[in-house]
S.K.: 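Handing you a structure now.
Both backbone and side-chain heavy atoms feed into the values below; hydrogens, waters and symmetry mates do not. These figures come from a predicted structure and were not determined experimentally.
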Amino acid sequence: MTAVTTAMPTAEQHGIKAHSDGPIVPVQTRSERFKSYDVTDFAPVTGREAEWRFSPVSRLTDLTGAPLDGSPYAVQATDAADISVEWVGRDDARIGTAGFPEERASANAWTGFEKALAITVAGEGRRELTVVRSGLGSAPRAAHTIIEAKPFSNAVVILQSTGDARLSENVEIIVGESANLTVVSLQEWDDTAVHLASHFASIGRDAKLKHVVVSLGGGIVRVNPSVHLAGAGSDIEALGLYFADAGQHLEQQVYINHDAPHSRSRVTYKGALQGEGARTVWIGDVLIGRAATGTDSYEQNRNLVLTEGTRADSVPNLEIETGDIQGAGHASATGRFDDEQLFYLQARGIPEGEARRLVVRGFLAEIVQQIGSPALEERLHQAIEDELRGTEGE
Amino acid sequence: MSVLEIKDLHVTVETDQGIKPILRGVDLTINEGEIHAIMGPNGSGKSTLAYTIAGHPKYTVTGGTITLDGEDVLAMTVDERARAGLFLAMQYPVEIPGVSVSNFLRTAKTAIAGEAPAIRGWIKEVRDSMSNLRMDKSFAERNVNEGFSGGEKKRTEILQLELLKPRFAVLDETDSGLDVDALKIVSEGVNRAKATTGLGVLLITHYTRILRYIRPDFVHVFVAGRIAEQGGPELADRLEDEGYDRYVDTANVE
Ligand SMILES: Nc1ncnc2c1ncn2[C@@H]1O[C@H](COP(=O)(O)OP(=O)(O)OP(=O)(O)O)[C@@H](O)[C@H]1O
Ligand SMILES: [Mg+2]
């Protein structure tokens, strides 16, 4: 974006060069990180691990440490031609093809799930499907979801979560050759909910995935997408939007692994924070491997701080193992409200509260507008509006 | 008959080096339908005057008054001033990402009028004003000032002036950066607003060329935070020939 957040203390832009920054520099490259789907292979979580260092681990011990209920739960899915939604066994051939857990909550869910929810997209015309789960209860549970887009298919799949939950889950996204898939993970949980998710996407030759994480509701919500650009010419557009209110912890760790020539990635996450203890974390790791010649990547995170008492961490990392790339860059900025924008709007008669809402809505609209589902966009504009109503009377 | 009165206005700004006085006793009365030009060297405080009238929080009024038809403008918030009928066309209009021009205009009109404008009439009014200002329709759907050229930003300011129909407008170097065609178009817009609504104008400029299209009733020479001399349109021509040297010298002697 053309910075809403001007004059930020942490604003930065970097060009093409292997680079990492942020509070802690990783000791190993991302590709060497330990992976396993067996929870017993991981040591108990201490909070010092790279993948846990920003998370409130003491409030997550049931999900990272103890066995989970892995039974199927109630889902409601809309109808869409050529898209099937069904529960499948652990022996389904697709399980484990998109990725493996890299941390203990993810491995715990993998060890504990009994059946996986499989969403399979076929056909060629564009389709849209919404899967809703509401209220998974307060007992800790595991879940596993597979979303497979068959070659040449084209769909928008929206995963929507509401109500209460203590959930650790894995979502595998398999995008076949030349398929065009959008996956939206929409977290509108109650404030009591705790949700830890790892998404693993594998993108085939000339295929495109748009992956969108929208986190609005929930006490602790951590959605970590790992994307493997596996086929030549594969493309990921990773979008994220989050709005943290008082006491909410919203986290996302994005990992883009360029592993094929001419692959392209764009990562854009934007968040707003308001209220005492509102907390957000964004970590963006991009790895451009030796095989990934001629790739083009850019990642950015922007945070808009609306009140005192909030904290936003933003840590971009870029590792490049080949000299032959088209472009690679990252940007990260966390800033307060731009008073000049406010003045401009007020100078046109718009009262302060409304002017603030207009600016925040505009800031987040950049993400909403790119989702590509008009009905969902309309709903999200409304949801953001509702979040903003919370500012009034302050 | 509306009147905007500025009396003995003193204004300071907070800088890294401490509090700096900028306006040192400005007196100015603008009646409905009058056009006042303010000319003066860089840094003399012209924009400070403009921002102070609009209520920018960076500037602190340490003395004097501003009233609009007797109402205390200084007691009003920024948006209250706009709703009372004051308008500032800014020297550097601000970009608002993610907010479309059409949404912005409708929101502002609603705030100023106190109710949402009737949709069909409003759309036509916006379209007509844009076409008068030779602005392409596509600007309505673009984000406010984002990626606009300097001239496009100035036209957008005048578009707002025409649609929001204030009683008094301060135009802070609206002519800067405009080519001669754009200058004419923008001037016509200001003249239209004056003709249809009796707008009073405070026009800040460095150049006499805009005064050929917007004829001033009064010209004020602004030096070192106050009005050093005033006269009719002929004063502008003299300033163009002679510059500000003699005023600056006097100011420095004080
Ligand atoms: N926010 C600020 N911080 C520090 N100094 C300021 C600020 N605003 C104005 N000033 C100073 O006050 C003085 C008057 O500035 P102002 O912008 O009003 O001048 P101007 O007459 O509009 O000049 P120009 O013709 O260049 O637009 C200048 O010396 C300027 O540097
Ligand atoms: Mg100026």
Side-chain angles (χ1 to χ4, degrees), chain A residues 1-8 11 239 241 243 268-272 300 302-304 306 331 333 335-371 377-378 380-382 384-385 387-388, chain B residues 50-59 76-101 103-115 141-148 153 156-157 159-161 163-166 169-170 172:
Chain A
M1 71 165 197
T2 43
V4 141
T5 42
T6 53
M8 282 127 316
L239 300 170
L241 185 166
F243 197 126
T268 313
Y269 272 64
K270 289 182 127 182
Q300 61 169 323
R302 309 271 178 192
N303 295 300
L304 186 55
L306 303 179
R336 315 199 120 270
F337 227 85
D338 183 342
D339 291 335
E340 294 303 321
Q341 292 181 351
L342 213 54
F343 172 72
Y344 189 74
L345 295 171
Q346 283 189 264
R348 299 305 180 244
I350 302 170
E352 181 177 345
E354 200 179 347
R356 283 182 182 274
R357 285 202 296 277
L358 208 55
V359 172
V360 180
R361 207 191 295 142
F363 173 77
L364 297 175
E366 192 200 352
I367 302 296
V368 178
Q369 285 161 1
Q370 289 183 63
I371 294 177
E377 288 174 21
E378 186 48 43
L380 287 180
H381 280 302
Q382 192 50 52
I384 291 168
E385 204 67 15
E387 293 279 340
L388 286 165
Chain B
Y51 277 126
T52 304
I53 294 170
H56 196 292
K58 257 187 340 211
Y59 301 94
M76 301 179 193
T77 61
V78 176
D79 47 300
E80 284 168 351
R81 295 178 196 207
R83 293 199 296 275
L86 297 177
F87 182 90
L88 168 62
M90 292 182 205
Q91 189 172 358
Y92 303 107
V94 181
E95 299 185 1
I96 319 272
V99 178
S100 71
V101 168
N103 180 16
F104 166 61
L105 291 173
R106 192 170 4 88
T107 307
K109 185 67 185 182
T110 303
I112 283 178
E115 59 178 1
E141 296 319 314
R142 287 177 62 179
N143 293 333
V144 176
N145 291 322
E146 204 176 57
F148 288 19
K153 285 182 182 168
T156 307
E157 294 291 285
L159 175 67
Q160 295 167 49
L161 171 69
L163 292 168
L164 300 180
K165 304 193 190 332
V170 180
D172 191 0

S.K.: Between A:Gln369, A:Glu354, A:Glu340, A:Glu352, which has the largest tally of heavy atom pairs under 4.5 Å with chain B?
M.R.: A:Glu340
S.K.: Is B:Ala89 close to chain A through its backbone or its side chain, or both, or neither, when contacts mean heavy atoms under 4.5 Å?
M.R.: backbone
S.K.: If I take atom CG from residue B:Asn103 and atom CZ from residue A:Arg361, how far apart are they, to the nearest 0.5 angstrom?
M.R.: 6.5 Å
S.K.: Residues two or more places apart in sequence or in another chain: which of them pass side-chain hydrogen bond (donor to acceptor under 3.5 Å, both in side chains) with A:Tyr269?
M.R.: none
S.K.: Looking only at heavy atoms, what is the nearest atom pair of A:Tyr344 and B:Val144, with distance?
M.R.: CE2-CG1, 4.0 Å
S.K.: Distance from B:Thr107 atom OG1 to A:Leu345 atom CG, nearest 0.5 Å?
M.R.: 8.5 Å
S.K.: Just how far is it from atom CZ of B:Arg83 to atom CD1 of A:Ile350, taken to the nearest 0.5 Å?
M.R.: 10.0 Å
S.K.: Work out which heavy atom in B:Pro97 is nearest to a heavy atom in A:Gln341; give both atom names and the distance.
M.R.: CD-NE2, 3.4 Å
S.K.: Would you mind checking which part of B:Pro93 comes under 4.5 Å of any heavy atom in chain A, side chain (CB onward), backbone (N, CA, C, O), both or neither?
M.R.: both
S.K.: With rounding to the nearest 0.5 angstrom, report the CZ to CG distance, A:Phe343 to B:Asp79.
M.R.: 11.0 Å
S.K.: Would you mind telling me which of B:Lys109, B:Arg81, B:Glu80, B:Gln160 has the largest number of heavy-atom pairs within less than 4.5 Å of chain A?
M.R.: B:Gln160
S.K.: Distance check, rounded to the nearest 0.5 Å: B:Leu161 atom CG versus A:Arg348 atom CZ?
M.R.: 8.5 Å
S.K.: Mind checking what makes side chain to side chain contact (heavy atoms under 4.5 Å, CB included) contact with B:Asn143, not counting sequence neighbours?
M.R.: B:Glu146
S.K.: Tell me the closest heavy-atom pair linking A:Gly349 and B:Ala82, and the distance in Å.
M.R.: N-CB, 3.2 Å
